[in-house]
Amino acid sequence: MAAPLVLVVLAAVTVRAALYRSSLAVFIAERVEVASPLNAWKRVVEGLALLDLGVSPYSGAIFHETPLIVYLFHFLIEYAELVFMITDVLTAVALYLAIQDFNKVVFKKQKLLIELDKYAPDVAELIQTPMEMHYIPLKVALFYLLNPYTVMSCVAKSTCAINNSVIAFFILATIKGSAFLSAVFLALATYQSLYPVTLFAPALLYLLQRQFIPIKLKSKSFWLYTMQYASLYLCSLVVIICLSFFLLNSWDFIPSVYGFILSVPDLTPNIGLFWYFFAEMFEHFSLFFVCVFQINVFFYTIPLAIKLKEHPVFFMFVQLAIISIFKSYPTLGDVALYMAFLPVWSHLYRYYLFYKKFLKSCILQMLHSRLRLCNLSSTPATVLRNIFILSCVLIFCSFLFPVLWHLWIYAGSANSNFYYAITLTFNIGQILLISDYFYAFLRREYYLTHGLHLTRQDGTEAMLVLK
Amino acid sequence: VCTSRFWFNYRHVANTLSVYRSVKRLGIPDSHIVLMLADDMACNPRNPKPATVFSHKNMELNVYGDDVEVDYRSYEVTVENFLRVLTGRIPPSTPRSKRLLSDDRSNILIYMTGHGGNGFLKFQDSEEITNVELADAFEQMWQKRRYNELLFIIDTCQGASMYERFYSPNIMALASSQVGEDSLSHQPDLGIGVHLMDRYTFYVLEFLEEIHPASQTNMNDLFQVCPKSLCVSTPGHRTDLFQRDPQKVLITDFFGSVRKVEITTEALSLDQNVAGFESKFPEEELATEPLKYAEQLPVAQIIHQKPKQKDWHPPGGFILGLWALIIMVFFKTYGIKHMKHVF
């Protein structure tokens, strides 16, 4: 499988190099959808220039990168394009390896559950086979590298790519089972943009599962392992923060980076939900609403952890999506990261085809007048129902972003409401996409354990509904 | 100053431009003329002959052209700007062409035309200047010694009311009509569709056509220029504030710019004055070569400048700590046994 991956990597690098040399590079670099105040390349250059002049880069309100990024780019600023291309390639390779391992784990677990007879007898089509899963890692790498969002984010040289690569390495480390490395990478990711702290829960759940420690609140080994992992994570975080103190000999970076992320002072329009609200809010209420919005990001962890404790990697995917929708300065680079995972769950709509075949055989057997409890409803029973509409919504909104931006800022014939409408639609599309996947995933799990034909107590057919 | 705008006030613009042309012909340069016009005639979409303003029927004389320098155009012709020009209370950023740079030896001619009434003159259909304001402006000019003698000509309806309130010395005023009378326009041009001139100004210009820079015609002739038979309204004038006898005041004192030039054939030596100046310099200045412009920006040096060395380096402790951590993590995950592969 290495050769197709190399081919994909080469293709991606070519596309990016071609775009760097073209005139689109400048245009894309200025787009607010890919460059937010947190990760714009212009601000990195400005911060480093300030440093050369002897001024702390955090003294203005321009620079919001962490000192480790300062250190990285201090030496690599002339090769910035290469750095970003290599970062993207590393992310894709990390995701590839991670998903390869994950497939092995999934397959092993499936085999175990079949042997233990946990599955209902008629779910043959729902079981994943290695043949289907063979190409998933390549598809994941492909989805990440050739996603237009990633390409634009790379051409804009937004440091979101670095954040994505750290998260990808974190996922790789978690799936390989190394608690120490995963704690270190999670600490790095949190250090850079604070929100990945919510990925602590899925990582913990996955590692517990891997160590075969049951997740019961009374179990001592559960608490022991949790404490170990948490202390690894917190220690590495503290060490990294203290180390970055020594770069500039000041704690200036803490309000500039974390204070900025949490208190959202800069209201430049982006694809998120914060800017419009806070632009029109009275000062009196802004603290309250900042707290509400930030809690919104972190809040979904607990219910999802309770519901998805058996499926931590799916939990990680949903959590990544929630971070990239609800964070304070989202960009298209964040969206690209969780979209890379979509091929992993492609089996959720694949068996719709199998189900159609089954439906046809049902009808044939009915015609042969054999009594059979067959679901004759024309609606697809277990499937990702809205994928076509949602992908259309997302693509359409992506095209409308620059159009309405131009109408608002340059032509003056629209106003911020237009742009915010598209932002809202885009986010709603993303949320519906995630909830669709969530619904289909849970439905599939339910069917696996309870069989494809659901019957109520009185024998009539039933349908699963997400409440 | 032409104080009206819109197409049907074509004649006011033509009036002003004709007087401008005469005054320029008689020798006053543009730097000494402040011309305020709405300037919406030549390029008006209703003008059948674009880029022209005619002052005589049958389109004999185009008074617009390349050498008309309008100082205040369109919406800049306001009462405030007019009074600021007169009194000199102008923001420091105003260019010289928009200023009245007169001193106490200057004779000033002010010609105003437009729509007026008893005691006021309408500016651009939105505001008025009253005769009291004008009188006070002239008094300010007198107190600041901004004029030696001032000739004020006004061609509007009831124009005489505008000079009733003057009280500063050395002002002579002429108006096209008395209080209660209307000034009438002279002749329409059927090709353009509007009246091209006002009567009073038309006859004043006919009179000025015969003036040349050396003529000795005096003010009394100007007072007689438009009798009632030709002008229908009764022109008026006011000379009581003027200290000289109008008989002795030449037209060219106000309308032309006559410089007294003496031609001499003797050679004057200026050596004594120059020597006095030069003795001051050597102590104050260093002897430097005068730099030419190109030499001040040595292009070759700028092109071949090397990029500035970066002045900031991360502290050694930081680099040490960071790499130590990275190596520790590496060996923790992969074990010490890999060290022999690394080295």
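Residue numbers start from 1 in every chain, and the chains themselves are labelled A, B, ... in the order their sequence lines are given, proteins ahead of strands. Atoms considered below: every heavy atom in the structure, side chains included; atoms not considered: hydrogens, waters and symmetry mates.
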- Task: State whether the number of non-hydrogen atoms from other residues, nucleotides or ligands found under 6.0 Å of B/Arg89 atom CZ is greater than 12.
- Result: no
- Message: For A/Trp223, I'd like to know if atom CH2 has over 12 heavy atoms of other residues, nucleotides or ligands within 6.0 Å.
- Response: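 Atom CH2 in A/Trp223 is not packed in, count stays at 12 or less.
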- Item | Rounded distance (nearest 0.5 Å) linking atom CG of B/Leu322 with atom CZ of A/Phe246 |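 CZ of A/Phe246 is found 13.0 Å from CG of B/Leu322.
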- Relative to chain B, which of A/Leu51, A/Val70, A/Val239 shows the most heavy atom pairs under 4.5 Å?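 Option with the greatest count: A/Leu51.
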- Message: At a 4.5 Å cut-off on heavy atoms, which part of A/Leu248 comes close to chain B: side chain, backbone, both, or neither?
- Response: side chain
- Item | Closest non-hydrogen atom pair between A/Leu68 and B/Phe318, with its separation |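 Minimum heavy-atom contact is CD2-CZ, 3.7 Å.
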- Heavy atoms only: give me the nearest A/Leu247-B/Pro315 pair and the separation to one decimal.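 In terms of heavy atoms, the two residues are closest at O-CD, 3.1 Å.
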